[in-house]
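Below you'll find the structure, written out as structure tokens, and then a few comments.
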Amino acid sequence: MNTDDIERYDPLTIEPPIAARWRDERAYSLTPRPSADRGEGDETYYALTMFPYPSGDLHMGHAEIFSIHDALVRHLRMTGKRVLNPIGWDAFGLPAENAARNRGADPRGWTYANIDEQAATIARLGYSFDWDTVLRTCDPEYYRWTQWLFLELLDAGLAYRREALVNHCSSCGTVLANEQVIDGVCDRCGTVVERRPLTQWFFRITDYADELLDDLDTIDWADRVKNAQRAWIGRSEGAEVTFRTADAAGKAEDIVVYTTRPDTLYGATYFVFAPEHPLVAARMGDDPDYQAYREAVGRRSEIERLSSFDSDAGGGRAKRGFRLDFDIVNPVTDEAIPAYAADYVLMDYGTGAIMAVPAHDQRDFDFARQEDLEVRVVVQPQDGEPLDGATMAEAYAGDGTTVNSGVYDGLDWRETKERITADLEAKGLARATVNFRLRDWLISRQRSWGAPIPIVHCPSCGEVPVPAEDLPVELPDDLDFQVQGSPLALHPTWQHDVVCPACGSEDARRDTDTMDTFVDSSWYFLRYLAPQDDTRAWPVDAANVWLPVDQYTGGVEHATLHLLYSRFVVKAMRDRGHLAADEPFQALLNQGQVILGGAAMSKSKDNLVVPGEVYETYGADTLRGTLLFASAPEDDIDWADVSPAGMNKWLARLWRLSLEHLAREAAGTAEDHDADGVRKATARAVVGVSEDMAARKYNTAIAKLMTLTNAVLDATRDGSGGPAVREALTTLVTMLAPICPFVTEELWARFGQDGSVHDQPWPRADTDLLVEHEVVVVVQVDGKVRGRVRVPSGADQDTVVAAAHADESVAGHLDGRDVARVVLVPDRLVNLVLGG
RNA sequence: GCUCCGGUAACCCAACUGGCAGAGGUGGGGGUCUCAAACACCCUUCAGUGCGGGUUCGAAUCCCGCCCGGAGCACCA
């Protein structure tokens, strides 16, 4: 056959009309919409991918995750699942404000233009999202319910306002978000950022700390993500111990510390307060040296915290201390020990004060050496050189026996820990407690492209929630982004254009902060159930059926923020009766990154590969196939190692084989010369690809489809090919459909098949074809391969051993010696172990 | 320092629950086609699995100790 007569594979011509049709016809919209009715029993499936942030067009990372997600979704549909597959945009955030400030753009217009661009690319690439679910978090119809969520949490006592240290830039006259502070300076003007106390809104996520930790065991997430959350939550068990200032009777004050090692109390040779501790401020506030110290620490701490360290431990960081003019009494030794303020003690962990045990804590040890304080060993390791506080080079935090601790000497340190805690508890001086590293979630942002916090401040009523029926509290559309400070707070009328909902006072004003954008994204998966519902945030009955999300896909960079916040919100809403699930996302798949030459791609490095370069040259199918073939979904893809040209070549080959076959049929010459071989190859591919698709190993699924292609190529090389080849090709096209939806749709039509290939049931293999009557069994002698024998499948040990003995090369290695033991792996291998 | 992931052919990547190390691709070499080239097609090339121990009839796979690379967390008492 003359290949010149065959129409070339031309994806740039065949793909766009199909893409447009799918989008215009809403080909992948779920009907009926989600409701309490599961429809067909357990066949419903909620597939979710992290919604994009619209800061320009899609990048390669989006293309990767969407290609993985779409293969998963299309495959599930073909296996009979009813799949909810929504899309939306995480549309509030700082880049829109920056565009407004730097280029005079309108944040709303800028955002919507980017969304349109991304939506067009998504459609062009054939991702089968349900376009009837689209939501944007910056729409008033959406953030109305974000504000409702805030009021729910407020009503539940899970939202509260308190003073907190925040980043403040004196030059810009505004508070900054953590992301706006780069290496301790304002990213706008370069001024060193100060930490200032300001009153801010928090969500009480710490109320759920234990449950957030424990329920990690119930969800199917990668260990690294779970571990990141465990570390972030940071549960520790210890005791609160009461110390006392060394003052005359009557004047002494109690001061409580938290420690995980109450067994080392006898080794506490000094005492440290956080610099801003209220007891210190009360006693030292007038001391000019102390004031200077505090100022220096406050100014520098942020820079220190954000700078990197090449030290061998956290203790390598310089510690700035200040000797206070009073002492503290150690409750077990009754000694007066010196008190310090030092910046290595944090005000917002534990009680903001510690007992320092330099012999057994590296940070305390470093500080003690620096200040020349006593290092007293109270735990001796079981073996090795005994520790000497005067000469030891580092703290010892390992196991050991208690020493220098009165009646507790000689006990294992764990035993000492329990006994000391119990003894002090009996005297009212201690209490066993659990502590968490997790802090409450600060959600106030001094920004203007976000959901306004629905609170009115009234001079007589205080903080008054905006009544639910008055939501949304809408952003004004005439913000001036050129002002120094928060445009919303500096808007001439917005905050005053309100009366107190409680008393009607005209002096009331709106809260001018907006919510952290992570609040927007902490519940969007619930809104997808009914994005147009203007009577409630989500339908409770549908939520009870569809939550948790069956499969969530997205980047691992959200391990401790978005994923933790969403879990908190679901648990809180559950406790308010708005849904039944304990967790938002039952299974999580984290895709790898797309990198280039071993380094992350970025605009600043000018090493960006964008999806357009690929799909405008080779088409969307090649882009999708390339990304899925490059590696397993979880692994990184180095673009330097992949070959879109190779993927394109394979698709072109499949195209050519298909059209050649159709030409044979048209010419009436379609006959198989090896029908059995082709059918067997087809059945083998169906079995293998089905397994791989179910396990989401798209790279090996594609390899097996290539193998089948090669088998068809071999079978048709002589120009023959009949029904078996047609079956092989249509089956191949069906199985490739989730990965390369366009070329498969086109070929499906060319093969004269009805409907869309994407509506076909997933192929089943004729496994009878795969039953072998004879198998080749590998023969090992003492574990080394010495030959192969052909035996009937299912042959028993005697038969196989007899066949092995009959094999010349095997017999040579047996050398007449006795076989002491036979290990048989049926139909695969036999190992003859010779006697001593 | 702690946690997680990875290390197999020139390169990327496979190998079910321990059972013949190779499915697939890239690249290299040779060839067919062509006036020539590109494309396409055909043939071919290439590792004993990072290192050292151990368990086992048998280890890329399991265990222990290292080395290298990547990611995350780190003054949390």
Side-chain angles (χ1 to χ4, degrees), chain A residues 3-4 6 8 222-228 230-232 234-236 238 257-261 264 272 301 304-305 309 311-319 342-346 348-357 360-364 366-367 435-439 556-557 559-560 592-593 595 598 600 626 629-632 634-638 640-643 645-647 649-650 652-653 656 688 691-692 695 697 699-707 709-710 713 717 776-788 820-825 828-834:
Chain A
T3 50
D4 294 345
I6 297 291
R8 284 176 57 92
D223 282 342
R224 60 174 168 156
V225 180
K226 290 192 190 186
N227 287 340
R230 288 189 184 107
W232 190 264
R235 185 179 196 274
S236 76
V257 303
Y258 172 75
T259 177
T260 55
R261 295 293 302 273
T264 62
V272 189
S301 63
E304 297 290 322
R305 215 167 60 72
F309 294 85
S311 58
D312 37 347
R317 198 168 300 189
K319 295 168 175 52
D343 58 355
Y344 78 96
V345 174
L346 310 176
D348 53 0
Y349 183 80
T351 61
I354 62 156
M355 65 177 208
V357 185
H360 305 293
D361 180 283
Q362 190 59 42
R363 294 153 301 172
D364 296 342
D366 292 339
F367 189 77
N435 230 314
F436 294 93
R437 182 185 171 280
L438 183 69
R439 314 292 164 77
V556 74
E557 67 272 18
T560 48
Q593 286 197 299
I595 60 177
T626 301
F629 185 52
S631 70
E634 297 84 353
D635 295 339
D636 287 350
I637 295 173
D638 194 329
D641 297 327
V642 305
S643 171
M647 176 57 51
K649 188 156 73 175
W650 173 54
R653 181 180 298 173
R656 181 172 58 80
E691 279 176 11
D692 287 348
K697 292 158 77 172
N699 52 336
T700 53
I702 292 170
K704 282 165 186 152
L705 292 172
M706 289 174 168
T707 305
T709 311
N710 292 342
L713 190 63
R717 188 158 291 139
V776 172
V777 170
V778 171
V779 183
Q780 295 183 339
V781 178
D782 280 339
K784 293 193 171 64
V785 179
R786 298 302 187 190
R788 330 188 130 73
R821 186 174 162 193
V822 175
V823 180
L824 180 73
V825 182
R828 300 197 66 169
L829 174 143
V830 65
N831 187 11
L832 308 176
V833 184
L834 301 182

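Note that this is a predicted model, so its numbers are computed, not measured. Numbered from 1 within each chain, the chains take letters A, B, ... in sequence-line order.
Taking a pair to require two hydrogen-bonding distances under 3.5 Å in either a Watson-Crick or a G-U wobble arrangement, C57(B) pairs with G19(B).
We find the CG-CG distance between Leu829(A) and Leu824(A) to be 8.0 Å, quoted to the nearest 0.5 Å. Rounded to the nearest 0.5 angstrom, Leu438(A) CG and Tyr349(A) OH are separated by 11.0 Å. Interatomic distance, CH2 of Trp650(A) versus CD1 of Ile702(A), reported as 6.0 Å (0.5 Å rounding).
One atom, CG of Asp692(A), and another, C1' of C13(B), lie 13 Å apart when rounded to the nearest Å. Atom NZ of Lys649(A) and atom C1' of A38(B) are 12 Å apart (whole Å). Atom CD1 of Ile637(A) and atom P of C12(B) are 14 Å apart (whole Å). Leu829(A) places its CG atom 13 Å from the C1' atom of A59(B), with the value rounded to the nearest Å. Arg224(A) places its CZ atom 12 Å from the C1' atom of U3(B), with the value rounded to the nearest Å.
Annotated as anti: G29(B), whose glycosidic dihedral deviates from 0 by more than 90°.
When heavy atoms are screened at a 4.0 angstrom cut-off, Gly646(A) is found touching the sugar-phosphate backbone but no base atom. Residue-level contact check: Asp223(A) touches neither bases nor backbone, having no heavy atom under 4.0 Å from any strand. Residue Leu713(A) is classed as a sugar-phosphate contact, given heavy-atom separations below 4.0 Å to backbone atoms only. Within 4.0 Å of Arg439(A), counting heavy atoms only, lies at least one base atom of the nucleic acid. Contact annotation for Val272(A): no contact, since no heavy-atom pair falls under 4.0 Å across all strands. Using a 4.0 Å heavy-atom criterion, one finds that Arg230(A) contacts no nucleic acid atom at all. At the heavy-atom level, Gln780(A) lies under 4.0 Å from base atoms of the strands shown. Across all strands shown, Val833(A) has heavy atoms under 4.0 Å from sugar-phosphate atoms exclusively, and none from any base. Among the atoms of the strands shown, only primed sugar atoms or phosphate atoms (P, OP1, OP2) are found under 4.0 Å from some heavy atom of Ala630(A).
Taking the P atoms as reference points, A9(B) lies 14 Å from A60(B), given to the whole Å. Across the P atoms, C63(B) and U56(B) are found 16 Å apart, a figure rounded to whole Å. Across the C1' atoms, C4(B) and A40(B) are found 46 Å apart, a figure rounded to whole Å. Comparing the P positions of C16(B) and G50(B) gives a spacing of 16 Å, expressed to the nearest Å.
For Met706(A), counting side-chain heavy atoms from C-beta on, the closest listed nucleotide (C57(B), C20(B), G25(B)) is G25(B). Here A23(B) is the nucleotide among U26(B), A77(B), A23(B) with the atom lying nearest to any side-chain atom of Ala703(A). When each of A14(B), G24(B), U26(B) is scored by its nearest atom to the side-chain atoms of Asn699(A), the top-ranked nucleotide is A14(B). If you check C57(B), A14(B), C42(B) against the side chain of Asp635(A), the one that comes closest is A14(B).
With hydrogens and angles disregarded, no donor-acceptor distance shorter than 3.5 Å links the side chain of Asp692(A) to the backbone of Asn699(A).
For Ser631(A), the side chain to side chain contact (heavy atoms under 4.5 Å, CB included) test picks out Asp635(A), Ile637(A), with sequence neighbours left out.
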